[in-house]
Amino acid sequence: MCGREWDLLDEVFAPVFSPSTGIALEFLGLNEPTTARPACSFLEIGCGSGVTTVMAALAGFDRVVGSDISPRAVENTAVNAERHGVGGRLSAVHSDLFSGLAENDRFDTVFWSSNYVMAPDSYEYESVHERAYVDTGYRAHRRYLEQAPRWLTPTGSALLHFSDRGDLPALHRIADETGRELRTLRSERVREGEYGQDMVEHMLIEIRPARGR
């Protein structure tokens, strides 16, 4: 991906089988290395193999953190950071969303390419890997919408990569209930996956405190 080679460990989300990672890089403007982002920080929730976090470091963010609930994903991100020479500016932490971060951490960009397929409330995960694809009752989405803006610098942005395979009305209901406003910054309709013909709309959504909240 991105003209580079990457390590992929067992049980970690494989970005080559879905367009979501490539679209996320495009949405965030991380496709090309640059040094045009002085003193900016970037947090990715659900860093997986580390492609987006590594590309953020290569794109000029001076402090990058990748968070993942899967220990194997944390290991995979660290491996790829070293492989591409950004280990000094990139750290990977084992964390359920924000739980593994230092209380005083703040970021200029907080980003999550979410597990936007909603599973029933009664669904029980059989592996950590499943959490990369489905979210039981949108519990993780509720926590992200509520908590993400709290981890921002005063001028920072909390971003969510979502798609129309998810339940957009449910997401907006959760936003209303948690005092958040959602604004779609970008969208793109693409063929979903190497082996399917379904066209799926991907969206980059900004999360803001609702007016008066």
Side-chain angles (χ1 to χ4, degrees), residues 1-2 12-31 42-49 51-53 55-56 66-70 73 96-98 109-149 157-211:
M1 297 190 70
C2 311
V12 178
F13 175 82
V16 293
F17 295 119
S18 167
S20 60
T21 300
I23 293 170
L25 294 172
E26 180 183 335
F27 280 167
L28 296 169
L30 301 179
N31 288 316
F42 180 91
L43 168 66
E44 182 184 20
I45 300 297
C47 55
S49 60
V51 173
T52 301
T53 49
M55 292 299 291
S67 159
D68 206 293
I69 198 170
S70 165
D96 182 359
L97 293 182
F98 305 97
T109 301
V110 174
F111 173 72
W112 183 30
S113 186
S114 76
N115 50 351
Y116 42 70
V117 177
M118 182 189 283
D121 285 333
S122 59
Y123 185 80
E124 295 185 6
Y125 294 107
E126 296 183 2
S127 70
V128 174
H129 187 61
E130 290 185 11
R131 295 178 184 270
Y133 300 93
V134 298
D135 180 14
T136 302
Y138 271 11
R139 294 171 193 164
H141 283 78
R142 178 178 293 275
R143 289 165 53 213
Y144 184 78
L145 263 59
E146 183 178 23
Q147 297 174 20
S157 296
L159 304 174
L160 175 69
H161 178 189
F162 201 73
S163 96
D164 63 2
R165 279 194 165 178
D167 191 332
L168 195 58
L171 188 72
H172 278 275
R173 285 197 302 272
I174 292 170
D176 289 340
E177 292 165 4
T178 56
R180 302 298 184 219
E181 292 181 353
L182 305 180
R183 182 166 71 104
T184 300
L185 302 180
R186 296 189 62 182
S187 66
E188 183 174 347
R189 195 162 187 82
V190 299
R191 186 166 63 91
E192 183 71 9
E194 184 178 352
Y195 304 107
Q197 298 299 322
D198 293 344
M199 297 299 292
V200 175
E201 184 178 3
H202 290 253
M203 294 156 270
L204 182 66
I205 298 171
E206 184 177 26
I207 303 160
R208 297 178 170 181
R211 295 181 182 86

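Under the 4.5 Å side-chain criterion, counting only non-hydrogen atoms from C-beta, R189 is in contact with D164. Looking at heavy atoms from C-beta onward, L30 lies in side-chain contact with L25 at the 4.5 angstrom threshold. Within the 4.5 Å cutoff, side-chain heavy atoms of D96 are placed close to those of R143. You'll find the side chain of I207 reaches within 4.5 Å of the side chain of L182, heavy atoms only. In this structure the side chain of T184 never reaches within 4.5 angstrom of the side chain of F162, judged on heavy atoms. Annotation: side chain of L43 is in contact with side chain of F98 (closest heavy-atom distance under 4.5 Å). Side-chain atoms of F13 and T21, non-hydrogen and from C-beta on, do get closer than 4.5 Å to each other.
Evaluation of the side-chain hydrogen bond (donor to acceptor under 3.5 Å, both in side chains) rule for R186 yields no partner, not counting sequence neighbours. Partners of R165 by salt bridge (charged side-chain N to carboxylate O under 4.0 Å, His left out), not counting sequence neighbours, listed by chain and number: D198. Annotation: salt bridge (charged side-chain N to carboxylate O under 4.0 Å, His left out) contacts of E181 (sequence neighbours excluded): R211. Not a single ring pair (Phe, Tyr, Trp, His ring centres under 6.0 Å) links F111 to another residue, sequence neighbours left out. Applying the salt bridge (charged side-chain N to carboxylate O under 4.0 Å, His left out) rule to R173 yields no partners; only residues at least two apart in sequence or on another chain are considered. With sequence neighbours left out, the salt bridge (charged side-chain N to carboxylate O under 4.0 Å, His left out) criterion links E188 to no other residue.
Here the shortest heavy-atom pairing between T136 and D121 reads CG2-O, 3.4 Å. Scanning both residues, D167 and P169, for their nearest heavy atoms gives OD1-CD, 3.2 Å. Heavy atoms only, all atoms of each residue included: V190 and P19 are closest at CG2-CG, 4.0 Å. Heavy atoms only, all atoms of each residue included: D68 and A73 are closest at CG-CB, 3.4 Å. The heavy-atom pair separating E201 from M203 by the smallest distance is O-CE, 3.8 Å. Between I45 and Y144, the shortest heavy-atom distance links the atoms CG1-CE1, 4.0 Å.
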Open item on the list: Apply side-chain contact (heavy atoms from CB on, under 4.5 Å) to residues F27 and L159 and explain how you reach the verdict.
Closed with: CA-CA 10 Å; F27 280 167; L159 304 174; over 6 Å; no
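Side-chain N/O atoms of H202 and S20 include no donor and acceptor closer than 3.5 Å.
Judged by distance alone, with hydrogens and angles left aside, the side-chain atoms of Y138 form no donor-acceptor pair with the main-chain N or O of I174 at under 3.5 Å. Under the 3.5 Å distance criterion, the side-chain polar atoms of D135 are matched with a main-chain donor or acceptor of H141. Distance alone, capped at 3.5 Å, is enough to place a donor-acceptor pair between the S67 side chain and the L97 backbone.
Between atom CH2 of residue W112 and atom CG of residue L145 there is a gap of 9.0 Å, rounded to the nearest 0.5 Å. The CZ atom of R139 sits 10.5 Å away from atom CE of M118, with the distance rounded to the nearest 0.5 Å. The distance from atom CD1 of I205 to atom OG of S114, rounded to the nearest 0.5 Å, is 8.0 Å. We find the CG-CD1 distance between N115 and I69 to be 9.5 Å, quoted to the nearest 0.5 Å.
The aromatic rings of H161 and Y116 sit tilted, their planes meeting at an angle between 30° and 60°.
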